[in-house]
Amino acid sequence: MLHRNMPSTLWILLLGILFMVSGTIGTPPKRPVAVPFGRNYMPTWAFDHIKYYNGGSEIQLHLDKYTGTGFQSKGSYLFGHFSMQMKLVPEDSAGTVTAFYLSSQNSEHDEIDFEFLGNRTGQPYILQTNVFTGGKGDREQRVYLWFDPTEEYHSYSVLWNMYQIVFFVDDVPIRVFKNCKDLGARFPFNQPMKIYSSLWNADDWATRGGLEKTDWSKAPFIAAYKGFYIDGCESSVESKFCATQGKRWWDQKEFQDLDSYQWKRLRWVRNKFTIYNYCTDRVRYPTMPPECSRDGDV
Ligand SMILES: *[C@@H]1O[C@H](CO)[C@@H](O)[C@H](O)[C@H]1NC(C)=O
């Protein structure tokens, strides 16, 4: 208990400190709020292959034998939480790839990828993730999903701060990429990224390693999107740091590591749905890549 004769100047000082502390903690994480496409995004190419619904609150990307299409964020961001609700190409989607990713623009670029590899009717999609640092990727992980991603909208999101990059499917972490700078691993931290999505033909590799080709008689292939909310530190493309570094909700203690429930769910994904993880591929990487060493029990 505070002494009842404590001078009032001390009280004021205490209140001041409390106020300052609460000011730096920032607002708690908000559920992504849906906004119209045009608020945060614009088409990248083949503008006529993007269709808009409900005042731009939902869109579709169309792929036919002439072209795919894609869109990108207007702004660039250093850290934050980025999510998209997507409903993937239904039925025969073999040969198609739908991607949702963050990428910086320069030659030694950083990139955080979700890639959905289509399949023949009734066969499962593969979700491939990758992380590029300084222009180098080769960090693939592949999982099957525990639901049919073509039936309903699901949210796919990335949490990116100085400590980790987490890939989420709905609320389930499917991958964590820890900052292991102290162990000699690179980590994306000083190159602002834009958010991109696209749908294209990749039947030279996507489905069963390229064995299954795109059946153009089933075109157009259609992926649907909504949500479009972005919660990041917006920075100019040349910027090397975020002006509010350390002060946003995603920088705070509880987002610097997964909690025990999230680790448990990540383990569930690894045990039940993982097809490939470069961290455990000793043919390709005889010694474990340094950034894998804080992944828990990979
Ligand atoms: C497609 O289905 C086949 C057969 O079930 C499976 O082996 C493959 O992993 C699936 N996904 C892709 C993208 O090839």
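Ligands are counted one by one from 1 in listed order, and the atoms in each one are counted from 1 as well.
Cluster partners of Trp45: none. The rule joins Ile, Leu, Val, Met, Phe, Trp and Tyr whenever side-chain heavy atoms lie under 4.5 Å apart, and it links nothing here.
Using cut-offs of 30° and 60° for the angle between ring planes, the Phe273 and Trp146 rings count as tilted. The aromatic rings of Phe187 and Phe177 lie parallel to each other, their planes meeting at an angle below 30°, with 60° marking the opposite boundary.
Heavy atoms of Tyr144 found under 4.0 angstrom from ligand 1 belong exclusively to the side chain. The proximity of Asn119 to ligand 1, defined as any non-hydrogen pair under 4.0 Å, is limited to the side chain.
Taking a 4.0 Å cut-off on heavy atoms, Ala94 fails to register as neighbouring ligand 1. Ligand 1 lies less than 4.0 angstrom from a heavy atom belonging to Gly118.
Interface atoms of ligand 1 facing Leu117, defined by a heavy-atom separation under 4.0 Å, are 13 (C). Interface of Ile126 with ligand 1, defined as ligand atoms under 4.0 Å from a residue heavy atom, comprises 9 (O), 11 (N), 12 (C), 13 (C). Which parts of ligand 1 touch Thr207 is read off a 4.0 Å heavy-atom cut-off, strictly below it: atoms 14 (O). Atoms of ligand 1 found under 4.0 Å from any heavy atom of Ala206, numbered from 1 in the order shown, are 13 (C). The contact set between ligand 1 and Pro124, taken as ligand atoms under 4.0 Å from a residue heavy atom, comprises 1 (C), 2 (O), 5 (O), 10 (C), 11 (N).
Checking Ser197 against Tyr225 by side-chain atom types alone, a donor-acceptor pair falls below 3.5 Å. With no hydrogens or angles considered, no side-chain donor-acceptor pair links Asp231 and His81 at under 3.5 Å.
Distance check: Tyr53 OH to Ile59 CD1 gives 10.0 Å after rounding to the nearest 0.5 Å.
Environment of OH in Tyr153: crowded, with over 12 heavy atoms of neighbouring residues, nucleotides or ligands closer than 6.0 Å.
Between Arg120 and Glu212 a salt bridge is recorded (basic side-chain N to carboxylate O distance below 4.0 Å).
Nearest protein heavy-atom neighbour of atom 5 (O) of ligand 1: Gln123 OE1, 2.5 Å. The protein heavy atom nearest to atom 14 (O) of ligand 1 is Arg208 N, 2.8 Å.
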